[in-house]
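Take a look at the structure set out below.
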Amino acid sequence: PTLAWSFSPHLRYLAPAITQWYFNKSYVNKRDYFMLPPSGHLYAYPGMMKDPAAADYVAATEADARLYNTDASVDWEWFTTWWETIPKYYERYSKNNIVRGFFAVNVPFMFPVLEFKEHEYFKVFEGKTVLFRPREWRGTNPKKMPPLSGREYRTAAALAKEIGDYPRGTVSNVYITSDGGASMKDIGDLAEALAEHVQLVDPSTLIDMALAASAAV
């Protein structure tokens, strides 16, 4: 299946040969794509930063995106800060339009993000920047399931049904993480179980689809 892998921007300095190996493999199979990891330039909660640190962080994340030829990033934020992060942080990226899409992850992951309404799968800022609603999948092993996290540990078949039941034309994402036990087998099982009308695309295409859907409303 088409997959986007989050990849540390610092690996290009710490392990350039390994970084190049991964990119070379992606050129061959043409189904692997790379994006910035949580949360862009650093392992951080950027929505909690204040200027000038916030402005510097945005510039550093944009520079990382240029070097990786990506326009997408995962973004972790603490669950009590979304109300402030959403209206203030992501629009900063609309000015240069380098990082166009953010894939949100809530911390802790099992809590809902109330700033997203029911059936609201993304938000658009300045008509240029997209924030996708958190939807994490941590695998299928119930032994690793913390309290309140059943949704994040659904079977591949159950998650495929959830996605297939979204309204036709929905533009959404699933963030898969191995620290909860998710495996390549789980990913393969999910891809095989998806309904025929579900299309897997790369991050840039998904961002374009979200922008087009927003403009059509």
Side-chain angles (χ1 to χ4, degrees), residues 1-7 23 26-27 29-40 58 61-62 64-66 68-77 82 85-87 89-106 112-113 115-137 151-152 154 156 158-177 182 187-188 190-217:
T2 299
L3 293 173
W5 301 85
S6 65
F7 211 76
F23 275 79
S26 74
Y27 303 149
N29 64 39
K30 301 185 185 302
R31 290 192 175 186
D32 289 322
Y33 296 83
F34 299 99
M35 59 193 294
L36 297 180
S39 289
V58 169
T61 297
E62 290 177 334
D64 294 333
R66 285 195 193 97
Y68 272 178
N69 193 30
T70 184
D71 56 1
S73 176
V74 179
D75 183 50
W76 281 4
E77 298 293 345
W82 288 108
T85 298
I86 288 175
Y89 178 62
Y90 303 102
E91 65 181 16
R92 291 173 177 264
Y93 290 88
S94 299
K95 178 180 179 181
N96 294 326
N97 203 30
I98 296 170
V99 182
R100 302 188 306 133
F102 291 88
F103 296 80
V105 177
N106 196 30
V113 178
E115 284 72 17
F116 282 91
K117 301 175 183 177
E118 186 177 7
H119 302 308
E120 183 183 18
Y121 297 95
F122 59 84
K123 295 178 182 290
V124 174
F125 306 88
E126 306 291 331
K128 296 179 179 180
T129 308
V130 181
L131 172 66
F132 290 97
R133 180 184 190 138
R135 179 58 180 103
E136 187 166 345
W137 190 40
R151 185 170 180 266
E152 286 76 26
R154 288 182 173 171
L159 181 56
K161 184 180 186 306
E162 174 194 320
I163 295 170
D165 288 344
Y166 291 164
R168 295 294 179 100
T170 294
V171 182
S172 187
N173 79 109
V174 176
Y175 176 73
I176 303 171
T177 174
I187 295 172
L190 173 62
E192 289 183 4
L194 289 171
E196 289 186 3
H197 71 272
V198 176
Q199 182 181 6
L200 300 177
V201 299
D202 63 88
S204 293
T205 301
L206 195 70
I207 294 165
D208 288 339
M209 293 170 70
L211 292 173
S214 176
V217 174

- Task: Looking only at non-hydrogen atoms, find the nearest pair between Ala193 and Ala156 and report the distance.
- Result: CB-O, 4.4 Å
- Message: Testing the basics here: between Pro37 and Ser73, what is the closest heavy-atom pair and its distance to 0.1 Å?
- Response: O-OG, 3.6 Å
- Quick one: do the Tyr90 and Asp75 side chains pair a donor with an acceptor below 3.5 Å? yes
In a table with atom names and distances, give each donor-acceptor pair under 3.5 Å that connects a side chain of residues 209-217 to protein atoms at least two apart or in another chain.
none

- Apply salt bridge (Lys or Arg N to Asp or Glu O under 4.0 Å) to Glu115 and list each qualifying residue two or more places apart in sequence or on a separate chain. none
- Task: Give the intermediate values and the outcome of side-chain contact (heavy atoms from CB on, under 4.5 Å) for residues Asn173 and Phe122.
- Result: CA-CA 9 Å; Asn173 79 109; Phe122 59 84; over 6 Å; no
Do [X] and [Y] touch side chain to side chain, with heavy atoms closer than 4.5 Å?
{"X": "Met35", "Y": "Val74", "answer": "yes"}
{"X": "Tyr121", "Y": "Pro167", "answer": "yes"}
{"X": "Asn106", "Y": "Trp82", "answer": "yes"}
{"X": "Arg100", "Y": "Asp208", "answer": "yes"}
{"X": "Phe116", "Y": "Lys123", "answer": "yes"}

- Relative to each other, are the rings of Tyr93 and Tyr89 parallel, tilted or perpendicular (30° and 60° limits)? perpendicular
- Task: May I ask you to decide if the ring planes of Phe23 and Phe7 are parallel, tilted or perpendicular, using 30° and 60° as cut-offs?
- Result: perpendicular
If only atom types and distance count, is the side chain of [X] paired as donor or acceptor with the main-chain N or O of [Y] below 3.5 Å?
{"X": "Thr70", "Y": "Phe34", "value": "yes"}
{"X": "Arg133", "Y": "Lys117", "value": "yes"}
{"X": "Thr2", "Y": "Val201", "value": "no"}
{"X": "Ser204", "Y": "Asp71", "value": "no"}

Would you compute the distance between atom [atom1] of [X] and atom [atom2] of [Y] and round it to the nearest 0.5 angstrom?
{"X": "Leu159", "Y": "Leu190", "atom1": "CG", "atom2": "CG", "result": "5.0 Å"}
{"X": "Ile86", "Y": "Leu131", "atom1": "CD1", "atom2": "CG", "result": "6.0 Å"}
{"X": "Glu136", "Y": "Thr177", "atom1": "CD", "atom2": "OG1", "result": "6.0 Å"}
{"X": "Trp5", "Y": "Ile176", "atom1": "CH2", "atom2": "CD1", "result": "9.0 Å"}
{"X": "Arg135", "Y": "Arg151", "atom1": "CZ", "atom2": "CZ", "result": "4.0 Å"}
{"X": "Trp137", "Y": "Ile187", "atom1": "CH2", "atom2": "CD1", "result": "7.0 Å"}

- So with a 6.0 Å cut-off around CG of Asn29, is the heavy-atom count from everything else above 12? yes
- Given the rule in the side-chain contact (heavy atoms from CB on, under 4.5 Å) test, do Val171 and Val130 qualify, once you have shown the distances and angles that lead to the verdict? CA-CA 11 Å; Val171 182; Val130 181; over 6 Å; no
